[in-house]
Amino acid sequence: LNDLRNAISGSSLNHTYSANVHSLVDKNELCETCRILSPMKNGQIRQRDEGLSESGNRTKNCPICDLSGFMNVDGKNEKREKPASFSWAIGTKESTRNSVLRNRVDVTQNAGLKNPEKKGKAKKDDTVEKIAKSDMMIFHEELRSGVYAVAVRLDLARIAFDDETQCYVTNDIEFVKKRVFVAIKALMNTIMDISGAKMSVNMPHLTSLE
């Protein structure tokens, strides 16, 4: 009780996983909404197999719908249990720490002072122009680091599986093996590749995995 920890939500990790699946597959394999990484994965099915259910067709047609689940918001609230799922990543009590990054912002930048006469640019703002460089705005932002624990489930037996008809969407073993490879590679990239807001400037690094 009353034990505050740094944490990353499982939904955030799942979105990162979906983005990694997106980067590994041919975009022509994806449904129209997964192609643009829409959170509402209710795109049109490219090719319909009459032997499969609606969800089975989505599973067969789109790797993201298959590996990351989907939700059809067209009045059905259709869902599918996804093969890849993540718990919250919880920072351990003893080793997580916060630090503060302080920076200055030039308030005159992008305020119409750069080539103000150029067509399409804002006019000079006399008030902004009078602001001295020494009056730059200061902001601070917390940075968090430490040891995090996360549970990951990757159920390979569910890949390319039609929940409703209780059968696999294809007998093509190479098709399934390709999906399994993408599932594992995307998981590895999700854990190993650190991405997110301000990651490029903060120089993040991963020291170890257990």
Side-chain angles (χ1 to χ4, degrees), residues 8-89 150-206 209:
I8 305 167
S9 74
S11 294
S12 177
L13 294 171
N14 189 67
H15 281 295
T16 302
Y17 181 78
S18 296
N20 278 305
V21 173
H22 185 275
S23 69
L24 291 171
V25 300
D26 184 339
K27 302 308 176 285
N28 292 324
E29 296 181 67
L30 301 172
C31 68
E32 59 183 12
T33 48
C34 286
R35 195 174 297 132
I36 59 173
L37 276 177
S38 168
M40 296 185 297
K41 306 177 183 70
N42 59 338
Q44 294 296 318
I45 296 170
R46 292 178 291 106
Q47 298 174 348
R48 186 171 296 277
D49 186 335
E50 297 302 328
L52 300 174
S53 69
E54 186 75 9
S55 63
N57 272 290
R58 294 188 185 282
T59 298
K60 184 176 183 178
N61 276 268
C62 179
I64 292 180
C65 283
D66 184 4
L67 301 176
S68 295
F70 55 81
M71 180 167 63
N72 183 359
V73 297
D74 189 21
K76 299 179 182 178
N77 197 29
E78 181 186 17
K79 299 178 181 179
R80 175 175 182 268
E81 186 178 353
K82 50 186 176 287
S85 57
F86 301 82
S87 72
W88 279 68
V150 59
V152 181
R153 186 192 71 177
L154 185 59
D155 191 346
L156 299 182
R158 291 193 56 79
I159 295 174
F161 189 72
D162 185 342
D163 288 355
E164 295 182 44
T165 62
Q166 290 292 294
C167 69
Y168 284 92
V169 299
T170 178
N171 293 321
D172 185 350
I173 299 300
E174 292 305 315
F175 177 94
V176 179
K177 286 170 64 177
K178 181 181 177 182
R179 284 276 175 92
V180 169
F181 173 82
V182 169
I184 296 173
K185 178 69 174 177
L187 176 60
M188 183 181 75
N189 291 346
T190 300
I191 300 300
M192 299 295 293
D193 295 343
I194 303 174
S195 61
K198 299 180 176 63
M199 288 294 98
S200 59
V201 294
N202 290 341
M203 297 180 67
H205 58 278
L206 183 69
L209 288 171

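Starting from 1, each residue takes its place in the sequence as its number.
Put simply, NZ on Lys60 and SG on Cys65 are 15.0 Å apart, with the number rounded to the nearest 0.5 Å. Once rounded to the nearest 0.5 Å, the distance linking OG of Ser87 with CG of Asn14 reads 12.0 Å. Lys185 contributes atom NZ, which lies 11.5 Å from atom CG of Leu187 (distance to the nearest 0.5 angstrom). Rounded to the nearest 0.5 Å, atoms CG (Leu30) and CD1 (Ile64) are 5.0 Å apart. The CD1 atom of Ile159 sits 7.0 Å away from the CD1 atom of Ile184 when rounded to the nearest 0.5 Å. Here Asp49 contributes atom CG and Asn61 contributes atom CG; the two are 9.0 Å apart, rounded to the nearest 0.5 Å.
What you find for Val169 and Phe175 is that their closest heavy atoms are CG2-CE2, 4.3 Å. Residue Asp66 comes nearest to Ala160 through the heavy atom pair OD2-N, 3.0 Å, listed as atom of the first residue, atom of the second, then distance. Asn57 and Gln47 get closest at one heavy-atom pair: OD1-O, 3.7 Å. Closest approach of Asp172 to Thr170, counting heavy atoms only: N-OG1, 3.0 Å. The two residues Ala89 and Leu13 make their nearest non-hydrogen contact at CB-CD1, 4.3 Å. Minimum heavy-atom separation, Ala84 to Leu154: CB-CD1, 3.8 Å.
With a 4.5 Å cut-off on side-chain heavy atoms, Leu24 and Phe181 do not count as touching. Using a 4.5 Å cut-off on side-chain heavy atoms (C-beta onward), Pro63 and Arg179 make contact.
Evaluation of the salt bridge (charged side-chain N to carboxylate O under 4.0 Å, His left out) test over residues 16-30, restricted to residues two or more places apart or in two chains, returns Glu29-Lys178.
Within a 6.0 Å sphere centred on CD of Gln166, other residues, nucleotides and ligands contribute more than 12 heavy atoms.
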Do Tyr17 and Leu67 pass the side chain to side chain contact (heavy atoms under 4.5 Å, CB included) test, and can you show the C-alpha distance, the side-chain angles, and the key distance before you say yes or no?
CA-CA 9 Å; Tyr17 181 78; Leu67 301 176; 4.2 Å; yes
For Ser11 and Ser9, what are the C-alpha separation, side-chain angles and deciding distance, and is it a side-chain hydrogen bond (donor to acceptor under 3.5 Å, both in side chains)?
CA-CA 5 Å; Ser11 294; Ser9 74; 4.9 Å; no
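Lys177 and Glu174 are joined by a salt bridge, as a carboxylate oxygen and a charged side-chain nitrogen come within less than 4.0 angstrom of each other.
Asp162 places no side-chain N or O within donor-acceptor distance of the main-chain N or O of Cys167, the cut-off being under 3.5 Å.
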